[in-house]
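Following: one structure in structure tokens, then a few remarks.
Keep in mind that this is a model prediction, so the values were computed, not measured. Throughout, a chain's letter reflects where its sequence line sits, starting with A, and its residues are numbered from 1. Because only heavy atoms are used, hydrogens play no part in the values below, and waters and symmetry mates are left out as well, while side chains stay in.
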Amino acid sequence: MEEMIKQLAVCIESGKINKNSGYPPQMKGQDGADEITKQALESGIKPSEILGGCMEGMQRVGERFGRNEVFVPELLMAAKAMNTVMAHLKPYFQTGEVKRRGVFVIGTVAGDLHDIGKKLVAMVVEGNGWEVIDLGVDVSPEKFVEAVGQKPGCAVGLSALLTTTMVNMEKIVKSIKDKYPQTKIFVGGAPVTSNFAKQIGADGYAPDPQGAVQLLNLLAS
Amino acid sequence: MALIQGDIRSVLSGKKTKAVPLWELEFHLWEEFAGRPVPFGKAFTDLPDSNREKALMDSAEAILEVSDKLHFSAVTIPGGYWETSPGQPAFYWLPDRSRLRLAERLAASKPPQLLLVANVCGVLSMPDSPRFMEFCTRLLEDPDSVQAEAEEVLARGIEDASKLVDVGVEAVCSPSDIADNRGPFFNPEQMDRFILPCLRRWAAAVRDLGAFPILHTDGNVNSYLDAIAESGVSALQAVDPLAGMDIKKAQEKVGGRIALAGNVDCGLLVSGRPETVFAAAKSLLLSCKSGGKLILGASNAVQRHVPIANYLALTEAWEQYGRIE
């Protein structure tokens, strides 16, 4: 059973989604995250242990991403493999048998329609055991406040690609903090810096998806 | 001291010039500086067909007038249609035939020292948002299809460049983002298969057409500076300061093999104050002009949100510090 969890972690780390997927080439024809999760559940392994194995795989690939050993497409494939597992575990999340680390509300700020970076962060954060509420792009301060109201205790991620729209982050941070002062808000995106995050009253800045996971996991620990 | 415009052809061909040339990847403030309508994109396509020719002629006149006022050494004509994000057309584009017509008009009436540049993608770049997931999956699961796509981009890029060179364009810039703030988007194997060979072939083809090949990429490409310098391109545009690229160090690394164009933070131009823009441009000129391989400009498009005073601060810094002793 332990072997199965280890194998699952390898599938996640390598981005091996299922038996039919041709990536990675060295695992061609082998079972992927999809098949191994099914087998694990059938053999009675606890969903929480399955989730633990997946998170270990995501952590490993995240660390390799941080060291520039893997690149965005590989990270994305790992997140896709993880999402395959999540689909199997969904019923257990709903019954409360498996607990998420917390809730993360994310969106691209008002005026900005870019979503690549935001999507990638959402996928990786979800793969690390968080429930992710993706509000999409061009999200108004009111919509963020409403989402936080619906998920008390959630953390929030604001994304912006443009120098012209990152300025809208300040208004969103203020709107959320005015109503829910305890909410932790993290910012990211190409023009954003840690100094800018401090300047606008955000609680942190993440330069990449793994950075976002690290910030969130500090909250959960 | 009299102003000396930088000779961008010399810089692109590795010869000495007496002043740093000024060139923008995309300049969106024609209308603001000309003080009259200069329609591109939707503003142009909204015009009745019967008014378009006159609008193009008037735009050419305005572009040349503003280029003279701002001491531009080169002007980039509008690109073809593209979207900055799904459903959002870019600001600076023209339908293909109108684009060629504008280039033709500019070539016929421009002063000889002004270089005409066109942005034409000849090298595969990071995918845009709607294709992102699909492209990343294909990159790993079906690399042969990505190879085919890279070949297609290359062939179409050369064909379009040829049409533009025929009407007077003298430099072709491939806007091919291959990196983000962290570094290259593609892994080393993918760079060696899909990007670098195409870049070399594209640069050679553009040179064969008699034009200067320029690569534009956002992001941090420090690890590929040597390969880019050896690819046959005349210049690398952006040298993205937001991605942590240090142009002085980049100059040292490329060692005069290619020119570096940029790298005044385009965000600073939007949200900074004139004095901070002036200071940034001054600092860039003082630290990097001596090698004679610097082309001054913003790190990306000079957008319509840029206050005129901020852009004038950049040109003022050039007027004071752009001369090479």
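- Residue B/Lys249 qualifies as open at atom NZ: its count of foreign heavy atoms under 6.0 Å is 12 or below.
- Defined by atom type and a distance below 3.5 Å, a donor-acceptor pair is present between the side-chain atoms of B/Thr76 and B/Trp23.
- Heavy-atom pairs under 4.5 Å with chain B were tallied for A/Ile17, A/Val72, A/Val137, A/Thr193; the largest tally goes to A/Val72.
- The environment of NZ in A/Lys177 is crowded: more than 12 heavy-atom neighbours from other residues, nucleotides or ligands sit within 6.0 Å.
- Interface check for chain A: of the options B/Gln190, B/Met126, B/Gln303, B/Arg182, the most heavy-atom pairs under 4.5 Å are formed by B/Arg182.
- Of all the listed residues (B/Pro188, B/Ser271, B/Cys266), the one sharing the greatest number of non-hydrogen pairs under 4.5 Å with chain A is B/Pro188.
- Other residues, nucleotides and ligands place more than 12 heavy atoms under 6.0 Å from the CZ atom of B/Arg131.
- With a 4.5 Å cut-off on non-hydrogen atoms, A/Met123 touches chain B through its side chain but not through its backbone.
- Looking at A/Leu76, the atoms closer than 4.5 Å to chain B (heavy atoms on both sides) all sit in the side chain, from C-beta outward.
- Aromatic ring pairs are classed by plane angle as parallel below 30°, tilted from 30° to 60° and perpendicular above 60°; the pair B/Tyr92 and B/His28 is tilted.
- Within the 4.5 Å cutoff, the side chain of B/Leu22 has heavy atoms near those of the B/Leu314 side chain.
- Contacts between B/Asn181 and chain A at a heavy-atom distance below 4.5 Å involve the side chain alone, from C-beta outward.
- A salt bridge is defined here as a Lys NZ or Arg NE, NH1 or NH2 lying under 4.0 Å from an Asp or Glu carboxylate O, and B/Arg193 with B/Asp144 meets this definition.
- For a residue to count as touching a neighbouring chain, one of its non-hydrogen atoms must lie under 4.5 Å from one of that chain's; by this rule A/Glu74 touches chain B with backbone and side chain alike.
- Interface residue B/Leu140: backbone and side-chain heavy atoms are both found under 4.5 Å from chain A.
- Looking at B/Phe135, there are no atoms closer than 4.5 Å to chain A (heavy atoms on both sides), in backbone or side chain.
- Contacts between B/Asp128 and chain A at a heavy-atom distance below 4.5 Å involve the backbone alone (N, CA, C, O).
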